[in-house]
Amino acid sequence: MSLQVVSRSTVDTQMLGEQVGRLLDAGDLVCLYGELGSGKTVLTKGIARGLGVAYERAVRSPSFVLMQRYQGRVPIYHADLYRLDRLTDIADIGLREFLGGEGVAVIEWANKLEAWLPAERLEISIAHQTEETRLITITPQGARYRQLLKQWQSQTMSCGETCGPGGDNVEMASA
Ligand SMILES: Nc1ncnc2c1ncn2[C@@H]1O[C@H](COP(=O)(O)OP(=O)(O)O)[C@@H](O)[C@H]1O
Ligand SMILES: [Mg+2]
């Protein structure tokens, strides 16, 4: 099962992230896919806000340090693997200790580490449609994340336009 959402603005994408962030908990893993400028960092800002990070404006692509930690309700470990191109680098970043631990891990360009990451994860792919619209595909891998997605769906559907993912700006379709 995967779910598709059309985001029509930066704010829409951030709001979607915030809704997901509220449902995340310690040990969770979110893998983000999509080309440069698709909105992975924008989504991560929303996730951070949903996790209660006070200064989510500080959330930016950690392209030079590979990993940043923000303190929210639980810690959030934000990695950006864009510049990672040698397998040897993977050992260097010590990602393993951030997985399944006391925090939430959010990984941009997760495709670069695909085989090394736990199979159970929430996958979110973002694709450009136009300058301002994005097709966002959410795929839960494993029971924990299927449950999370169900929870998200029931919340966004029951509250309709007032607090849905951008209200009527977002179309939902099962894929
Ligand atoms: N619907 C949208 N969702 C997310 N970002 C959008 C959207 N429309 C325009 N943008 C812009 O696209 C850019 C996405 O940048 P960023 O999140 O850093 O991408 P990535 O981390 O995937 O490289 C931002 O400048 C953002 O304002
Ligand atoms: Mg980024």
Side-chain angles (χ1 to χ4, degrees), residues 2-24 28-51 53-72 75-86 89-90 92-95 98-99 103-114 116-117 121-139 141 149 152-153 155-156 161-173 175:
S2 70
L3 210 110
Q4 292 193 317
V5 164
V6 176
S7 160
R8 302 207 183 279
S9 69
T10 304
V11 171
D12 267 4
T13 300
Q14 210 165 328
M15 239 194 293
L16 171 66
E18 187 173 345
Q19 289 165 354
V20 169
R22 282 197 219 114
L23 301 173
L24 290 170
D28 283 342
L29 169 62
V30 181
C31 291
L32 303 181
Y33 307 86
E35 64 193 42
L36 208 60
S38 57
K40 300 180 294 301
T41 300
V42 165
L43 190 80
T44 304
K45 264 184 217 219
I47 291 176
R49 181 184 292 181
L51 276 163
V53 174
Y55 299 104
E56 84 278 356
R57 259 173 292 178
V59 175
R60 59 187 65 186
S61 275
S63 295
F64 296 99
V65 293
L66 280 174
M67 174 96 68
Q68 278 175 348
R69 180 190 193 277
Y70 315 105
Q71 189 59 53
I76 162 167
Y77 298 104
H78 176 203
D80 185 333
L81 307 179
Y82 180 58
R83 282 164 206 279
L84 197 74
D85 51 16
R86 299 198 334 270
D89 292 347
I90 289 169
D92 296 345
I93 66 171
L95 193 63
F98 301 108
L99 300 172
V104 167
V106 178
I107 304 180
E108 298 190 39
W109 296 98
N111 48 301
K112 298 211 177 195
L113 266 185
E114 202 61 40
W116 301 69
L117 294 170
R121 59 209 183 193
L122 187 66
E123 298 178 347
I124 305 181
S125 302
I126 312 179
H128 279 90
Q129 283 192 320
T130 66
E131 186 81 16
E132 286 273 358
T133 65
R134 303 288 188 271
L135 180 64
I136 301 180
T137 305
I138 309 174
T139 308
Q141 302 289 0
L149 196 60
W152 175 77
Q153 261 183 303
Q155 286 177 11
T156 51
E161 289 191 9
T162 50
C163 57
D168 56 3
N169 289 333
V170 164
E171 294 150 14
M172 242 183 297

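Both ligands and their constituent atoms are indexed starting at 1 by order of listing.
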Seminar exercise, completed: So the angle subtended at the Mg ion (ligand 2) by Thr41 atom OG1 and Glu108 atom OE1, rounded to 10 degrees, is 90°
Exercise. Donor-acceptor pair, Arg134 side chain versus Ser38 backbone, under 3.5 Å?
Worked result: yes
Exercise. Okay, side chain of His128, backbone of Gly37: is any donor-acceptor separation there less than 3.5 Å?
Worked result: yes
At what distance, to the nearest 0.5 angstrom, does [atom1] of [X] lie from [atom2] of [Y]?
X      : Y      : atom1 : atom2 : answer
Tyr33  : Ile126 : OH    : CD1   : 12.0 Å
Trp109 : Lys40  : CH2   : NZ    : 4.5 Å
Ile124 : Ile47  : CD1   : CD1   : 5.0 Å

Seminar exercise, completed: Ile107 and Leu99 have their tightest heavy-atom pair at CD1-CD2, 4.4 Å
Problem set entry | Minimum heavy-atom distance between Leu51 and Leu24, given as atom pair plus value | CD2-O, 4.0 Å
Any atoms of ligand 1 less than 4.0 Å from a non-hydrogen atom of [X]? List them with their elements.
X      : value
Glu35  : 22 (O)
Glu108 : 21 (O)
Glu131 : 8 (N), 9 (C)

Exercise. Between Thr10, Val6, Ile126, which one has a non-hydrogen atom sitting closest to atom 7 (C) of ligand 1?
Worked result: Thr10
Problem set entry | Pick from Gln129, Arg134, Lys45: the one approaching atom 10 (N) of ligand 1 most closely through a non-hydrogen atom | Arg134
Exercise. Going by heavy atoms, is Leu36 under 4.0 Å from ligand 1?
Worked result: yes
Exercise. Out of curiosity, is Ser7 lining ligand 1, as in a heavy atom under 4.0 Å away?
Worked result: yes
Backbone or side chain, does any N or O of [X] fall under 3.5 Å from an N or O of ligand 1?
X     : result
Arg8  : no
Val42 : yes
Ser38 : yes

Exercise. Are any non-hydrogen side-chain atoms of Asp28 and Leu122 less than 4.5 angstrom apart?
Worked result: no
Exercise. Is any side-chain heavy atom of Met67 closer than 4.5 Å to a side-chain heavy atom of Tyr77?
Worked result: yes
Seminar exercise, completed: The answer for which part of Thr41 has a heavy atom under 4.0 Å from ligand 1 is both
Exercise. Heavy-atom contacts under 4.0 Å between Gln14 and ligand 1: side chain, backbone, both, or neither?
Worked result: neither
